[in-house]
Number of protein chains: 2
Amino acid sequence: MKKKFQDIYRQISESIESEYYRAGDTLPSENQLAETYDTSRETIRKALKMLSEHGYIQKVQGKGSIVLDMSRINFPFSGVTSFRELSQKLGSRAKTEVVYLEQDLGHLEVESMVWHVHRIRHIDGERIILDKDVFSAEVIPQLTKAICETSIYDYIENELGLTISFAHKEIVIEEPSEEDRRYLDLADHHVIVVIKSYTYLDDTTLFQYTESRHRSDKFRFVDFARRVQR
Amino acid sequence: MKKKFQDIYRQISESIESEYYRAGDTLPSENQLAETYDTSRETIRKALKMLSEHGYIQKVQGKGSIVLDMSRINFPFSGVTSFRELSQKLGSRAKTEVVYLEQDLGHLEVESMVWHVHRIRHIDGERIILDKDVFSAEVIPQLTKAICETSIYDYIENELGLTISFAHKEIVIEEPSEEDRRYLDLADHHVIVVIKSYTYLDDTTLFQYTESRHRSDKFRFVDFARRVQR
DNA sequence: TTGACGAATTTGTATATACAAGCTAAACTA
DNA sequence: TAGTTTAGCTTGTATATACAAATTCGTCAA
């Protein structure tokens, strides 16, 4: 199937990012867009719903769809994103170093075989982030240093054909552990920002637990949030 | 209008929270639900979409809608939420103290009249959070100490009839300022978690800038996030 | 001039139909 | 028995229609 509404979403979001539509502008009406893209109004509405959820536009009944100012969202950390995808924005400034890779009998929801991966994320030559991952070996039978250095998410989605779907995340502040001190360039920063996340596949199986340990001065979390209705 | 799909969302979400449907269960099919609630399948789908976005269920094509384990989300901070709404979960353990309330010519997107509100949030008798708000006086003509002590959001939505819609948020770690030291019980915690947020109304007007300054040991950010498609 | 009213436009909700795509389990075949 | 196919279920996408609700703006009247 074509997934027309996703194509339309992509086209309009690109038009907003390239500033063909500017912040404050009103998009063409749903009926106009339906004619432009030779489709039905409902399909347009699905695309606009996505744009609204991702912070591109605000819909106002009776008025239209107003383009929002996306420029403030310059570090889209929200959502489930891999360091690989993030580092593409940083370019050559980011590097990954695998310091530990083992398979053993561990605990991830239930007792079973798991992979342990510890990685140091370098940014501008400094060791800023320590990622400690636990992966289910049932889901990921094989794991190599090369995969860990590039992108595990890429491997899971494109090589294994699995679909990563959602995550529970938690951010807390901790004292640096002995391990943090060894692997990170802490200087005189005396706290660590820890992002703990449980990541799930399409079929709701838990396949990853991560502790992403950040040097506090380099940590920044940016989010776009809609008010939830009660 | 009735907004059937919201009613259905509420009913099903309550059924999940009361554990009528348990984690791992499959909900009745969309066609069955449509018959049960005497409505069309599209209306059911809108309700299920909301449940999915809020982390209640996971939809799997060809299989059904699987109930997720919500129990890990015990401090739903994500989304745009007021301290008032949060403190309801804390019960009598939370208290608000207004330490500053002034109107003057300030800067919120453009030079105009604004309200400045500084509030200390007490939890279990300790001064944990310092909230520094800037409100547009155009949107909120009148503001009293009593309103600031209960809930400004409540006042805006129920008294003024305005609709709070979305926010840009940013979380960073900072050194405590002189003000932080004066107003908070910092003990020997030497960093502050700062949540900066810009909050907007329905019609995309910016009406609030907030710096919510938390003692780091009491800070916890919990989130449910779906993987964004590219 | 000002206010009230109403028509036109825009988004929101509800319903119906059709077919595609993915999963499961029964039926079938070698 | 073991593997394959198929039928029937599930959710996903696309389309069409109808009416409700909110906004905008022109028209009309006092």
Side-chain angles (χ1 to χ4, degrees), chain A residues 1-12 21 24-53 56-68 161-163 165-166 201-205 226-227 229, chain B residues 1-12 21 24-53 56-68 157 160-163 165-166 201-205 226-227 229:
Chain A
M1 181 147 292
K2 326 261 290 200
K3 295 192 181 174
K4 248 188 213 185
F5 74 92
Q6 287 198 3
D7 287 345
I8 295 169
Y9 163 80
R10 238 184 306 273
Q11 286 182 54
I12 297 179
Y21 298 122
D25 287 1
T26 304
L27 291 185
S29 78
E30 294 176 351
N31 284 316
Q32 278 176 285
L33 287 172
E35 205 165 332
T36 303
Y37 288 96
D38 189 33
T39 185
S40 67
R41 189 177 151 221
E42 276 304 314
T43 301
I44 293 293
R45 282 179 63 74
K46 276 184 194 164
L48 294 184
K49 181 113 192 287
M50 280 182 73
L51 288 166
S52 163
E53 282 163 1
Y56 283 98
I57 62 169
Q58 174 70 14
K59 307 195 73 181
V60 184
Q61 186 170 1
K63 264 175 117 169
S65 299
I66 301 162
V67 178
L68 296 179
L162 300 171
T163 306
S165 184
F166 60 93
L201 295 177
D202 220 6
D203 59 0
T204 75
T205 58
R226 291 201 167 271
R227 182 147 172 80
Q229 60 266 55
Chain B
M1 180 147 293
K2 326 261 291 199
K3 297 196 180 172
K4 250 189 211 185
F5 74 93
Q6 286 197 4
D7 287 345
I8 296 169
Y9 163 80
R10 240 185 304 274
Q11 285 182 56
I12 298 180
Y21 298 121
D25 286 1
T26 304
L27 290 185
S29 77
E30 294 175 351
N31 284 315
Q32 277 177 284
L33 288 171
E35 204 166 331
T36 303
Y37 288 98
D38 190 33
T39 184
S40 66
R41 190 179 149 218
E42 276 305 314
T43 301
I44 293 293
R45 282 178 63 75
K46 276 184 195 163
L48 294 184
K49 179 114 193 288
M50 281 182 73
L51 289 166
S52 164
E53 281 163 1
Y56 283 99
I57 63 169
Q58 173 70 15
K59 307 196 73 181
V60 184
Q61 187 171 359
K63 270 174 108 169
S65 299
I66 301 162
V67 177
L68 297 178
E157 293 194 316
L160 299 179
L162 300 171
T163 306
S165 185
F166 61 93
L201 295 178
D202 221 9
D203 59 358
T204 75
T205 58
R226 292 204 166 268
R227 182 147 172 81
Q229 57 265 57

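Within every chain, numbering begins at 1; the chains are lettered A, B, ... in the order of the sequence lines, protein sequences first and strands thereafter.
Side chains of Gln58(A) and Lys63(A) form no contact here, defined as non-hydrogen atoms less than 4.5 Å apart.
Proximity of Thr43(A) to the phosphate of dT15(D): a side-chain N or O atom is located under 4.0 Å from OP1 or OP2. The side chain of Lys4(A) contributes an N or O atom lying less than 4.0 Å from OP1 or OP2 of dT15(D). OP1 or OP2 of dT10(C) has not a single side-chain nitrogen or oxygen of Ser65(A) nearer than 4.0 Å. The side chain of Ser29(B) places an N or O atom within less than 4.0 Å of a non-bridging phosphate oxygen (OP1 or OP2) of dT10(D).
Side chains of Asn31(B) and Ser29(B): no donor on one and acceptor on the other come within 3.5 Å.
dT23(D) atom C1' lies 11 Å from atom CD1 of Ile66(A), rounded to whole Å. Summarising the geometry, the separation between CZ on Arg41(B) and C1' on dA18(C) is reported as 11 Å, rounded to the nearest angstrom. To the nearest angstrom, P of dA14(D) lies 13 Å from CG of Asp38(A). Atom-to-atom, CG of Leu48(A) to C1' of dG12(C) comes out at 13 Å; the value is rounded to the nearest Å. Asp202(B) has its CG atom 17 Å from the P atom of dA21(D), to the nearest Å. Rounded to an integer number of Å, the gap from CG of Asp203(B) to P of dT24(D) is 10 Å. dT13(D) atom C1' lies 12 Å from atom NZ of Lys59(B), rounded to whole Å. Glu35(A) has its CD atom 13 Å from the P atom of dT9(C), to the nearest Å.
Considering only the side chain of Thr39(B), dT15(C) comes nearest among dT10(C), dA16(D), dT15(C). Among the nucleotides dT11(D), dT24(D), dT10(C), the one closest to the side chain of Lys63(A) is dT24(D). Residue Gln61(A) places its side chain closer to dG12(C) than to any other of dG12(D), dA16(C), dG12(C). Nearest to the side chain of Phe5(B), among dG12(D), dA14(C), dT11(C), sits dA14(C).
Applying the salt bridge (charged side-chain N to carboxylate O under 4.0 Å, His left out) criterion to Lys49(A), with sequence neighbours excluded, gives Glu53(A), Glu53(B).
Along DNA chain D, the nucleotide closest to Leu27(B) and the one closest to Glu42(A) are compared, and the more 5′ of them pairs with Leu27(B).
Shown here is Gln11(B), whose CD atom has more than 12 heavy atoms of other residues, nucleotides or ligands within 6.0 Å.
Here the shortest heavy-atom pairing between Leu201(B) and Phe166(B) reads O-CE2, 4.0 Å.
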